[in-house]
Amino acid sequence: MSVSRDEVLRIAQLAELDVDDDALPEIAEQMSRILDYVAQLSAIPTNGTVKTFVPGPDAMRFRPDEVAPSPLMFGPAQFAPAFKEGFFVVPKLGQFE
Amino acid sequence: MSDARAVADRLIKAKRLNALLTPAKDLRKSLLAQAEAARTTGVLYGMPVAVKDNICTLEFTTTCGSKILEGYQSPYEATAITKLKAAGALIAGKTNCDEFAMGSSTEHSAYGRVIHPLDKARVPGGSSGGSAALVAAGAVPAALGSDTGGSVRQPAAFCGVVGMKPTYGRVSRYGLVAFGSSLDQIGVLGRSVHDAARVLSVISGRDARDSTCEDRDPLRLPTVPESLQGFVIGLPKEYFPAELDPAVKRACDRAIRMMKELGAAVREVSLPHTPYAVPTYYVIAPAEASSNLARYDGVRYGPRFDGHQDLHALYRTTRGQGFGPEVRRRILVGTYVLSAGYYDAYYRRAQQMRALIAQDFRNAFDRGVDLLFTPTVPAPAFKAGEKLSDPIAMYMSDIFTVTANLAGLPAMSLPIGRVKGLPIGGQLIGQAFLEDEMIEAAYALERVVPATDEA
Amino acid sequence: MSQAWETVIGLETHVQLRTRSKMFCGCSTSFGAPPNTQVCPVCLGLPGALPVANGAAIGLAVRGALALGCTVHPKSIFARKNYFYPDLPKGYQISQFDQPLATQGSLSFLSPERGAVTATIVRLHLEEDAGKSIHDRFPKATAVDLNRSGVPLIEIVGGPDLRSPAEARAYLQTLKQLLEYIGISDCDMEKGSLRVDANVSIRRAGETALNTRTEVKNINAFSFVEKALGVERDRQIALVESGGSVSQQTMLYDAKESTVRPQRSKEESHDYRYFPEPDLPPLVLTPEFVAEQQSELPELPGQKRERFMAQYALSREHATVLTASRAVAEYYEHVVRAPAEPQSAANWVMTEALADAKDHQEQLRVSPAALAQIIALVKGGTLSNQAAKRVFAEVASKGGDPRTIAESLGLVLVADTNVLAAWVSDVLGAHAPEVGRYKNGETKLMAFFVGQVMRASKGKADPKLAQRVLEEKLSA
Ligand SMILES: [Mg+2]
Ligand SMILES: [Zn+2]
């Protein structure tokens with residue numbers, strides 16, 4: 001198995017995902033299978049000379065510097081799970097934490 | 001308006017498929033209002049188009065088949081939707097899909113699986129399974145889907161309808177909820193080549209809100225050709241392996257014979273890096289997804305799950321409970337391949353392999369081939385539950401479709417026969433921004449191929 | 001503290017670019033709007049929204065890079081920096097990583113300890129700002145305002161070339177001056193449009209290797225830069241001298257307590273998982289675009305200083321003061337061209353004009369033509385220096401023509417030898433002992449006699465003429 005339980009927990013922490021203790025062995029096993037499967041990519045010789053490829057335009061277009069926000073049919077107060085006096089609200093996070 | 005009422009009735013009649021996420025009441029009300037307001041001069045005037053639930057609409061909620069967006073009403077709409085409405089089309093509800101378009105069976109939806117219209121034990125394919133099933137059931141002439149690794153073409157093949165994925169950059173992604181940003185394109189499922197093509201033509205073209213959308217005019221529809229004289233069709237040998245389902249092979253052979261009879265020249269070609277396409281895809285797509293799905297954190301929109309003491313607990317319960325198992329799996333894999341020490345071995349390698357796969361296609365086209373023809377999926381629709389416990393077996397369902405996404409090329413599936421009553425799809429892969437040639441060939445093939453006959 | 005320690009500091013400066021709209025969306029960047037009112041699908045990170053880059057922000061960033069002598073790369077790449085924070089709507093910041101906009105520049109500044117120093121600029125890249133988390137608004141909650149989310153920034157990464165907190169301050173001052181000069185930012189630390197993080201390490205004097213460094217954050221006013229870095233330097237020295245060792249961590253400066261404390265270690269394990277931003281094609285700059293930005297650059301402070309020294313025969317110190325801000329330099333040159341003698345103009349601008357500006361919201365209230373006229377009145381003997389200062393103050397507060405004002409205040413110098421002779425006689429009559437000493441060779445007493453004549457005349461006597469009359473009378 002290429003991915004240990006500790007590694008799964010470390011990755012889950014990075015991804016801010018709760019992983020149940022019960023589910024941990026199965027997740028580690030499936031991640032290992034997937035990663036072992038995709039690891040065949042490292043077996044083929046693509047040295048530094050091979051370019052990478054991304055589709056789409058070769059160069060970005062620039063937007064003019066105009067105040068023209070894309071439309072919002074209603075404001076954050078209507079879709080936020082917690083909103084007070086104009087602010088989104090989350091559990092307190094101290095400045096020095 | 002009686003037409004709008006009839007549209008609603010047809011959609012509601014297909015309820016047993018669990019293909020539509022919009023409640024009947026909302027659908028009726030909205031369709032009547034839309035019909036009232038629709039532009040009578042539009043080229044799609046009065047045409048109902050169902051929309052995959054990962055495309056933002058003002059008419060209905062957009063949940064992406066996920067609990068993490070349960071009840072989410074987008075405050076803006078996708079460019080494709082604006083274009084459809086401007087052409088007079090009616091937004092005919094939101095269709096069920098694999099959660100965040102991650103899956104090949106539409107079993108990974110928080111709102112239950114979609115039933116195959118021809119066999120209730122089977123899956124309609126995915127992730128645009130709801131759109132495919134509704135079109136196949138005759139509820140709508142066309143529906144929008146999204147295709148990141150085959151999510152329009154594979155369910156089209158399973159359900160016996162036409163599915164088109166345009167060139168990357170042909171249709172704006174603004175308002176399409178991102179899964180794999182460098183792979184995603186909105187596509188169209190239609191009951192005929194013409195229905196799919198006319199909708200695709202309407203939603204295509206430049207958009208100042210998407211930097212990856214090319215600055216090009218909308219796709220112009222070709223006329224139906226008399227023959228395929230002058231077309232050179234390439235058959236990539238890697239797509240016809242020995243273990244290919246014999247019925248699929250027979251259906252493909254029959255379609256190839258018919259294209260020859262229509263005057264096309266047929267030539268075997270090789271795309272040597274094909275075996276690496278699925279592993280390449282399953283590095284790039286989860287990597288991009290892990291980042292694209294970071295925004296679902298319970299802070300700004302969507303439900304917030306209980307039991308949190310502090311911010312991290314809020315993040316972790318919301319994301320842990322809001323995402324289903326397949327999405328969690330892909331987020332973890334994607335986070336892993338991008339994390340310190342692994343980037344070069346996985347992500348960079350995959351991007352390099354992607355370049356080799358794209359080069360394979362260029363080489364084939366440079367040698368005079370106009371289009372490639374392949375099976376869309378190695379086998380017909382599988383049974384529900386069959387591949388749920390084996391993610392890699394599920395991923396192999398995309399083996400013939402992911403390459404077009406990796407290379408950014410236009411591709412489509414059309415029905416070319418059946419086996420034991422289940423549809424088989426044939427895939428055409430075109431050159432970048434030459435959808436018109438692909439559609440021309442599809443028009444010709446569609447006219448002659450016995451799509452509902454046993455192969 | 002032991003003298004044997006040397007401090008090594010490198011600054012990372014974030015600068016808000018002066019644009020109307022945000023980096024990747026059309027929302028306004030104006031400061032002070034009610035919370036969450038300058039937001040849209042893009043800067044809220046709504047599902048399906050996509051970024052489109054602001055061309056003006058890119059132009060300003062290129063200007064900044066050119067002014068710092070950087071190599072501007074024809075192709076650069078935006079990347080995603082992934083981390084979770086409630087004021088980071090997408091869960092990633094669009095920034096640049098391994099292919100930044102510009103690299104390899106430099107900034108010359110005057111160190112209070114070492115004189116002229118050239119610090120390296122390692123890189124300059126474009127990125128978007130996060131929103132604002134407010135921790136003291138609600139009792140048990142953090143409030144998030146996303147108006148600032150997506151505002152365009154450049155990050156300027158300086159090399160570890162600074163050797164003291166005072167030097168870091170001087171570097172930052174010079175950088176701020178340069179950026180203000182070229183007009184790409186208002187560099188207002190209080191509004192958050194200029195922010196600085198510092199990498200700090202210490203080593204024994206004479207060592208050349210770099211030791212483990214800490215990152216000092218939360219320095220949110222200009223006046224704290226020196227203090228915060230001093231506190232951290234002292235902490236490191238005390239730690240090492242008591243047998244400990246510095247560990248790589250982020251320290252947050254607390255201005256109220258004037259202390260630094262480590263950021264909670266859980267937040268530390270940053271693994272940003274950078275990868276190329278798939279929503280944005282490469283940033284390709286044509287030579288024409290870069291040339292256009294170059295042509296928009298004014299003469300830079302360093303160039304201007306050298307030219308002032310050569311063209312106006314000014315000392316380095318005077319030239320430095322006069323080029324410290326673009327407005328002052330331009331004012332000075334207008335005075336000279338009015339015309340006025342360059343050295344006198346320099347003296348007047350550096351003293352009277354700058355002092356007056358300091359008390360009046362940095363307004364240069366006397367027009368260059370009026371100042372040149374005042375200088376000419378002094379030169380021509382019509383006004384004494386003292387009187388000229390009064391005229392300057394009068395013109396500054398009320399405006400008007402300097403000569404008319406001088407006349408109406410009765411400040412014009414008396415150059416009539418008959419009138420002068422009377423004042424001279426009075427003075428010599430009243431100071432017989434000094435006259436005697438003068439005649440015995442104590443000629444330096446001349447200054448005393450001139451002073452007395454000026455006093456007797458209430459400052460109206462032309463001092464040069466008064467001296468001539470005095471010399472005549474005393475030699476008689
Ligand atoms: Mg930064
Ligand atoms: Zn915005």
Side-chain angles (χ1 to χ4, degrees), chain B residues 54-56 62-64 69 72 74-79 100 169 172-178 180-184 207-213 284 287-288 290-302 311-312 314-316 319 334-343 347-348 351, chain C residues 24-26 36 39-55 77-94 97-98 131 133 135 140-146 149 264 266-267 269-283:
Chain B
N54 63 348
I55 298 171
C56 294
T62 300
T63 69
C64 300
L69 283 175
Y72 174 71
S74 173
Y76 78 100
E77 70 182 10
T79 300
F100 286 100
S172 168
R173 293 187 296 117
Y174 190 75
L176 166 65
V177 178
S181 310
S182 73
L183 301 155
D184 296 340
D207 180 16
R209 294 203 173 103
D210 176 2
S211 300
T212 64
C213 186
I284 293 171
E288 293 182 357
S290 70
S291 176
N292 284 329
L293 271 59
R295 67 187 62 194
Y296 307 103
D297 57 6
V299 173
R300 282 149 292 116
Y301 45 80
L311 184 73
H312 287 280
L314 165 66
Y315 284 158
R316 282 173 197 166
R319 293 167 58 76
T335 304
Y336 182 93
V337 299
L338 289 176
S339 67
Y342 297 107
Y343 181 88
Y347 192 76
R348 189 185 303 279
Q351 290 289 44
Chain C
F24 296 115
C25 65
N36 294 303
V39 291
C40 77
V42 180
C43 56
L44 285 167
L46 294 186
L50 294 171
V52 183
N54 181 343
I77 301 286
F78 282 100
R80 291 186 183 177
K81 180 181 182 179
N82 295 282
Y83 65 96
F84 287 87
Y85 205 74
D87 60 24
L88 188 72
K90 299 186 293 298
Y92 55 84
Q93 178 196 30
I94 304 178
F97 182 53
D98 56 357
S133 291
H135 305 287
K140 283 182 185 157
T142 290
V144 179
D145 174 12
L146 297 177
S149 159
R264 200 169 59 178
K266 205 159 110 189
E267 315 295 321
S269 56
H270 282 321
D271 180 347
Y272 291 125
R273 290 158 286 136
Y274 281 102
F275 73 103
E277 164 59 286
D279 288 333
L280 291 167
L283 170 52

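Proteins get letters first, then strands, A, B, ... in listed order; numbering begins at 1 in each. Everything quoted here is computed from the prediction, not taken from an experiment.
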Please check this pair: side chain of [X] against backbone of [Y], looking for a donor-acceptor N/O pair closer than 3.5 Å.
X: B:Tyr296; Y: C:Pro47; answer: no
X: B:Tyr76; Y: C:Ala49; answer: yes
X: C:Asp271; Y: B:Ser339; answer: no

C:Arg80 and B:Asn292 side chains, donor-acceptor separation under 3.5 Å: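 Yes, side-chain donor-acceptor contact under 3.5 Å.
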
Top of [options] for chain C proximity - count of heavy-atom pairs under 4.5 angstrom:
options: B:Gly175, B:Ser182, B:Ser291; answer: B:Ser291
options: B:Leu293, B:Val177, B:Val337, B:Leu69; answer: B:Val177
options: B:Arg173, B:Glu288, B:Arg295; answer: B:Arg295
options: B:Val299, B:Ile55, B:Leu176; answer: B:Leu176

Relative to chain B, which segment of [X] carries a heavy atom at a distance below 4.5 Å: side chain, backbone, both, or neither?
X: C:Tyr83; answer: neither
X: C:Leu46; answer: both
X: C:Asp279; answer: both

Residue among C:Pro281, C:Pro41, C:Gly91 with most heavy-atom pairs under 4.5 Å to chain B: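 When all of C:Pro281, C:Pro41, C:Gly91 are compared, C:Pro41 has the most.
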
Residues that B:Tyr347 engages under ring-ring contact (aromatic ring centres under 6.0 Å, His included), provided they are two or more places apart: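 For B:Tyr347 the ring-ring contact (aromatic ring centres under 6.0 Å, His included) partners, ignoring immediate neighbours, are B:Tyr343, C:Phe275.
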
Identify the two heavy atoms, one from [X] and one from [Y], that lie closest to each other, and give their separation to 0.1 Å.
X: B:Asp210; Y: C:Val52; result: N-CG2, 4.1 Å
X: B:Tyr315; Y: C:Tyr85; result: OH-C, 3.1 Å
X: B:Ser211; Y: C:Pro51; result: OG-O, 2.8 Å

Considering only heavy atoms, which portion of [X] lies under 4.5 Å from any heavy atom of chain C: side chain, backbone, both, or neither?
X: B:Thr335; result: both
X: B:Ala340; result: both
X: B:Tyr342; result: neither

Under the side chain to side chain donor-acceptor pair (under 3.5 Å) test, residues paired with B:Glu77 that sit two or more places apart: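 B:Glu77: side chain to side chain donor-acceptor pair (under 3.5 Å) contacts with B:Thr82, B:Lys85.
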
